[in-house]
Amino acid sequence: MIKSEEIRELFLNFFKKRGHTIVNSSSLIPVDDPSVLLTTAGMQQFKKYYTREKDPLKDFGSQRTASIQKCFRTTDIDEVGDERHLTFFEMLGNFSFGPIINDDPLDFGNGGYFKKAAIYWAHEFLTKELGLKIDYTTIFGGEKNVPLDEDSLKIWQEIGINKIEKRGREDNFWGPTGDEGPCGPTTEIYLEGIEVWNLVFNEYYQDKNGNLKKLEFPGVDTGMGFERLMKILQKTETIFETDLFEPLREILDNFSGEIRRKRIIMDHLRGSVFLIADGLFPSNLERGYILRRILRRLLLHLRFLEINFDVLEKMIKAIIEKYKAFYPELNNFEKIKKVIFDELQVFNETLNKGLREFNKIIKGNESEEALGEKVFYLYTSYGLPVEISKELLREQEINFSQKAEEVFKQLFEKHRLISKKEENG
Ligand code: GLY
């Protein structure tokens, strides 16, 4: 069975041979993109090369780069626990900036390329290098002032892919990250019904008002989901059975409990370890709060599986062992452990009391208003975060409706204003 470590190498070598400079993953805390809290895509560290504020030839000696980027997305955080959603994941990508010198897949130089080379290489890497079969591809079908991507259609036909679907802006137009930046139509590659590789043709810059203007030079930005690719290569049932999660799974196999809880533990712990290794601390503010949220949810599920801190320590070590050769910043076990343990130990007390009260007062037959009020009470009197209450309600199949949410929010807002007034004396 081919290992994830080998695939990372194959990918980077494939593009290195084709004139790409290999660039390390940037930090999960964005370096060059204040528009987002965390790094969500490989192109983020390259934004200024698309806009020509920076010169790729000067910095990379090439208009082409490739990377394996650590990414963290909160959009699907509530879905984590099912078969395929993650917060933290790795993305394999190749990028082209600046003038198109030669859009020819046989050109192994260092100039800018565009759709033809990008599509041919993606096809070659998947089908020849990895021996996989492409199910179908999708292209941008045209919407508003962005036309149908006829070039990609022709290129796929030329290669011999017959099933090509046209899709709209929702599916096949990517970016920008945050509220402005490079963006453009995409062509996406599906294997076994799963979208695996997204090839973005950055032809536009979207400003803060949502207006698109053409970039001086169109670029390429591709992103392939590593966990998804490994699932297909290793023929596993879900991403969680791939070797990327193997060390954690081996430990969790000793515990009985719902698979959903184990997946949340695997995802949230792995994500936390990577975030902390990049210098993040849990807090009540912005990105720190993202980390706090996943650590708290992690603790909830550890509790339900009766996993103690010794085992947690083993799991932290297992993640570091699995990833540290490629991500040396993880070589910081003591610090990572301390940040996690400190946060969880403090929250453990709150959680104990909050859970007891939750079980006492939540009956499951209350009105929507009453439910909103009770969740608010749990928060103000016991410090039980609303996300945790919601998670518990969901597990018990109690619907926390829109109305309940509104009641909670109103009470919360009132409470906030009163506290503020008191603070200001
Ligand atoms: N930047 C391409 C992607 O995230 O899919």
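Remember, it's 1-based here, ligands and their atoms both numbered in the order they're listed.
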Run the numbers for me: atoms of ligand 1, each under 4.0 Å from some heavy atom of Val200, listed by number.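 Near Val200, the atoms of ligand 1 are 2 (C).
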Proximal atoms of ligand 1 relative to Met91 (non-hydrogen, under 4.0 Å):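 Selected atoms, number and element: 3 (C), 4 (O).
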Closer than 3.5 angstrom, by distance alone: can the side chain of [X] be matched with the main-chain N or O of [Y] as a donor-acceptor pair?
X	Y	answer
Gln206	Gly175	no
Asp278	Ile29	no
Arg167	Phe140	no
Ser62	Gly19	yes

Measure the distance from atom 1 (N) of ligand 1 to every protein heavy atom, then report the residue, atom name and distance (to 0.1 Å) of the closest one.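 Residue, atom and distance for the closest contact: Asp221 OD2, 2.9 Å.
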Say whether Thr222, considering both its backbone and side-chain N or O atoms, lies within less than 3.5 Å of an N or O atom on ligand 1.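 No, Thr222 has no N/O under 3.5 Å of an N/O on ligand 1.
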N or O contact, Asn198 vs ligand 1, cut-off under 3.5 Å: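 Yes, there is a polar N/O contact under 3.5 Å.
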Cut-off 3.5 Å, side chains only: do Arg270 and Tyr323 have a donor facing an acceptor?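 Indeed, the side chains of Arg270 and Tyr323 share at least one donor-acceptor pair under 3.5 Å.
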Would you tell me which option among Gln44, Gln69, Arg73 has the nearest heavy-atom contact to atom 4 (O) of ligand 1?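 Closest candidate by heavy-atom distance is Arg73.
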